[in-house]
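What follows is a short report on a single structure.
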There are 2 protein chains.
Amino acid sequence: MNDTSFNPRDCGTCPIRHRAVCSRCEPDELEHLDDIKYYRTYEAGQPVIWAGDPMEFVASVVTGIATLSQTMEDGRTQMVGLLLPSDFIGRPGREQAPFDVVAVTDLTLCCFRKKPFEDLMGSTPSIGGRLLQMTLDELDSAREWMLVLGRKTAREKIASLLMIIARRDAALHKRLPKDGMEFDLPLTREAMADYLGLTLETVSRQISALKKAGVIILQGKRQVQIPDLQRLVSETGDDVDGGHIF
Amino acid sequence: MNDTSFNPRDCGTCPIRHRAVCSRCEPDELEHLDDIKYYRTYEAGQPVIWAGDPMEFVASVVTGIATLSQTMEDGRTQMVGLLLPSDFIGRPGREQAPFDVVAVTDLTLCCFRKKPFEDLMGSTPSIGGRLLQMTLDELDSAREWMLVLGRKTAREKIASLLMIIARRDAALHKRLPKDGMEFDLPLTREAMADYLGLTLETVSRQISALKKAGVIILQGKRQVQIPDLQRLVSETGDDVDGGHIF
DNA sequence: CGCATACTTTGATCAGGATCAAAGCAAGAT
DNA sequence: ATCTTGCTTTGATCCTGATCAAAGTATGCG
């Protein structure tokens, strides 16, 4: 299922699959749109935007990873979204960013200036429809995550995060997750803790426990191999045959 | 407050404020739409739909309260949404309900058959736009809730829930929350626990603690009065002047 | 090379909330 | 009036994950 054949109308990373917008899709038709669309890169660790900042663009992640998070006055932080390639950032119709966005790895965004993008949405209903679908998907993901945060044990939380990253990594490479698959853990222990509502020590301990139990194999601290997917799924506490949105 | 002046173009409860759709808005123009739109009532405790069921309608809450929730195989339950009047239920473009929907109180829904509704969305872009805005709001709410679930203490969680209900109750009556305001707690201790990722005993203890501390005044078990809103806000752990989406 | 920095692991102890158990309370049914 | 049912409160104890502390590891740099 790796369609290595590049479809010019659908570059696979840009969520706005409409020829009037994505120049990776139809580069030659788009010179006149350079003023509404541009690429922007960030280094690992750099903030993209802070909660409350005016946000004059919307964007989609082309390469790299960013996090969406919220921080309380006393420093407690909760990550509320993990932005991987093809994910969308932004709020048509909103003035301010509701959450912090930070680049975790080096990051490339495909940005659209907000006003012209909104105009385009008005004149091209299919963009709004696609955005609605993406937003509904994100909402479902967020709600699935609420179950993880509210009801799962530390061990189940770690397993759930590994499964999400495994699934998304597989999807990114246009294949299905399978036994023996390997992937890079893109997050520090602290970032995982912020995602899971745990402390970094607990994350470290549970990862060690999963390693000792043979559920995962670690090469170094970041490279993960899953010898038996079913085994990992059973550690998540999820229904084994449950439909997944991620 | 009871806006007894009924605006025929905007009934205030139906999110689809478009004259072609909401018969409460333009009852006389809509006879021919009876086959796509209908009201349906549920008794307290009745399920509206189970996760995985085919969903052949979308709806908005007219009166009453429903919950969106997820349950694990072993019975652990997490509520992922609280549906109050004017909230929308459903997924244009989706076959199956992703979560359980249960009526908490007696409930009236304003339902639209899915297929004709989707057709209508296609022909009336403003509906899609409105739905996108509502979905983005819900997504923000879900993400705010992730902070509550992941990082707040039991006491902060209770205070946060009370604030949300207070805000939404005030909004429903078209006024601002203010000191001394009273409202009905529409949820059992168990339902609150499911919303907050706690046990019902912890909910009970923390409510007692807030009562003893004078943050809230209880008349019976469900009627709540907030003598000092700022005091309650400070118990939530939130930034006092933080912008709120709810 | 030694040192600094950032991240991770591991250990010891503590505490918040879960669990188990029982009793209180209100409303409706018999 | 008594019983039943469903919800809530309160108490005693336990356990998971937080907190505090220190050591281990990798990488880059002067």
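Side-chain atoms are counted along with the backbone in the values below, which use heavy atoms only and exclude waters and symmetry mates. So that the names make sense, note that chain A is the first sequence line, chain B the second, and so on, each numbered from 1.
Counting to the nearest Å, the P atom of dT10(D) and the CZ atom of Arg189(B) are 10 Å from each other. For Leu187(A) and dA6(C), the CG to P distance is 19 Å, given to the nearest whole Å. Computed from coordinates, the Leu200(B) CG to dG6(D) P distance equals 15 Å when rounded to whole Å. For Glu190(A) and dA18(D), the CD to P distance is 13 Å, given to the nearest whole Å.
Here Gln46(B) pairs with nothing under the side-chain hydrogen bond (donor to acceptor under 3.5 Å, both in side chains) rule; sequence neighbours left out. In this structure, the side-chain contact (heavy atoms from CB on, under 4.5 Å) partners of Glu138(B), at least two apart in sequence or on a different chain, are Leu139(A), Arg143(A). Partners of Arg155(A) under the salt bridge (Lys or Arg N to Asp or Glu O under 4.0 Å) rule, at least two apart in sequence or in another chain, are Glu235(A). Residues that satisfy the salt bridge (Lys or Arg N to Asp or Glu O under 4.0 Å) test with Arg151(A), not counting sequence neighbours, are Asp194(B). Arg91(B) meets the salt bridge (Lys or Arg N to Asp or Glu O under 4.0 Å) test with Asp140(A); sequence neighbours excluded.
For the segment residues 207-222 of chain B, residues with any heavy atom less than 4.0 angstrom from an atom of DNA chain D are, sorted by number, Ser208(B), Lys221(B), Arg222(B).
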In a table with atom names and distances, give each donor-acceptor pair under 3.5 Å that connects a side chain of residues 97-112 of chain A to protein atoms at least two apart or in another chain.
residue, atom, partner, partner atom, Å
Asp100(A), OD1, Ala51(A), N, 2.7
Thr105(A), OG1, Ile65(A), N, 2.9
Asp106(A), OD1, Ala44(A), N, 2.9
Thr108(A), OG1, Thr63(A), OG1, 3.0

Residues 205-215 of chain A side chain polar contacts: donor-acceptor under 3.5 Å, at least two apart:
residue, atom, partner, partner atom, Å
Ser208(A), OG, Ser204(A), O, 3.0

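Counting any heavy atom pair closer than 4.0 Å across all strands shown, Ser204(B) reaches a base atom.
Ring planes of Phe57(A) and Tyr38(A): perpendicular class, angle over 60° (limits at 30 and 60°).
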Between protein and nucleic acid, restricted to nucleotides 14-20 of chain C and to nitrogen or oxygen atoms under 3.5 Å apart, what atom pairs and distances do you find?
residue, atom, partner, partner atom, Å
dG17(C), OP1, Ala154(B), N, 2.7
dA18(C), OP2, Thr199(B), N, 3.4
dA18(C), OP2, Thr199(B), OG1, 3.0
dA18(C), OP2, Thr202(B), OG1, 2.4
dT19(C), O4, Arg205(B), NH2, 2.9
dC20(C), N4, Glu201(B), OE2, 3.1

